[in-house]
Amino acid sequence: IIGSSIRYLDGDGAEVELVNDGIHHRDETVTGLGDPMLLGAAACQSALGAVLNDRRGHGLYRIGSQRHAQLWDQHLARDPDLASKIRGLASQHAFLSAPHLELTVNLRYATAIAWMLVEAADKPLPASHDLLGLARVWRQVFYPQGRSRDFIDACQHCIGKAPIAA
């Protein structure tokens, strides 16, 4: 578990700083929402928190209840040490009674689950500056009906203009 933070402007132009723990992912150090993959996913999935619960899912990444349960049953159950670390990010009592609510109220937990969805997809991650490649991963993991252009626009809006790698 590592710490990270990112600053961005919310819809009203106020500066917001998100500070959260992340996890070590594959051979990379993941910086939570500071990583363009997760920042873009959060921007596209929930407009950085403007929509946190609806029929498409829960929280910043709009992860559906069924998908959340499948991740635990089919991926995390195979790695008890990792499952324990992820479970340690959740609230002690609330997780037992309403596990999917953790995706809405607990940014650290939601971010870890979002990364686990990326890991479970077993797709190679492109470089952090390759927005087109990240958009492809976002579509495969989070929103197959999404348009790559939406992801790229959201990333560029949140982290500034960056060249789009082919």
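Sequential numbering from 1 along the given sequence is applied to the chain's residues.
For D153, the side chain to side chain contact (heavy atoms under 4.5 Å, CB included) partners are R149, Q156, not counting sequence neighbours. Under the salt bridge (charged side-chain N to carboxylate O under 4.0 Å, His left out) criterion, R56 pairs with no residue, sequence neighbours left out. Checked against side-chain hydrogen bond (donor to acceptor under 3.5 Å, both in side chains), D79 has no partners two or more places apart in sequence or in another chain.
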Please report the C-alpha distance between C155 and L134 in whole Å, then the side-chain angles of each, then the deciding distance to 0.1 Å, and finally whether the side-chain contact (heavy atoms from CB on, under 4.5 Å) criterion is met. CA-CA 10 Å; C155 274; L134 293 172; 5.7 Å; no
R108 vs L89, test: side-chain contact (heavy atoms from CB on, under 4.5 Å). Steps then yes/no. CA-CA 6 Å; R108 294 181 318 149; L89 297 173; 4.0 Å; yes
Walk me through whether I113 and T111 qualify under side-chain contact (heavy atoms from CB on, under 4.5 Å). CA-CA 5 Å; I113 292 296; T111 298; over 6 Å; no
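Of all the heavy atoms in Y109 and I86, the pair that sits closest is CD1-O, 3.7 Å. Across H58 and T104, no two heavy atoms sit closer than the pair CB-OG1, 3.6 Å. Here the closest heavy-atom approach between residue H100 and residue A69 is recorded as CE1-N, 4.2 Å. The shortest heavy-atom contact between V137 and P124 is CG2-O, 4.1 Å. Scanning both residues, G146 and W138, for their nearest heavy atoms gives CA-CH2, 3.7 Å.
Hydrophobic clustering keeps L101 apart from L76 (ILVMFWY residues linked when any side-chain heavy atoms are closer than 4.5 Å, directly or through intermediates). Note on V105 and W72: separate hydrophobic clusters, where clusters join Ile, Leu, Val, Met, Phe, Trp and Tyr whose side-chain heavy atoms are under 4.5 Å apart, directly or indirectly.
Taking 4.5 Å as the limit, every side-chain heavy atom of Q145 sits out of range of all side-chain heavy atoms of R139. Between L117 and Q70, every side-chain heavy-atom pair lies at or beyond the 4.5 Å cut-off.
Here CD1 of I152 is found 10.5 Å from CZ of R147. Values are rounded to the nearest 0.5 Å.
At least one donor-acceptor pair closer than 3.5 Å links the side chain of E102 to the backbone N or O of S91. Between the S84 side chain and the P80 main chain, no donor and acceptor come within less than 3.5 Å of each other.
When ring centroids are compared, H68 and Y61 stay outside the 6.0 Å threshold.
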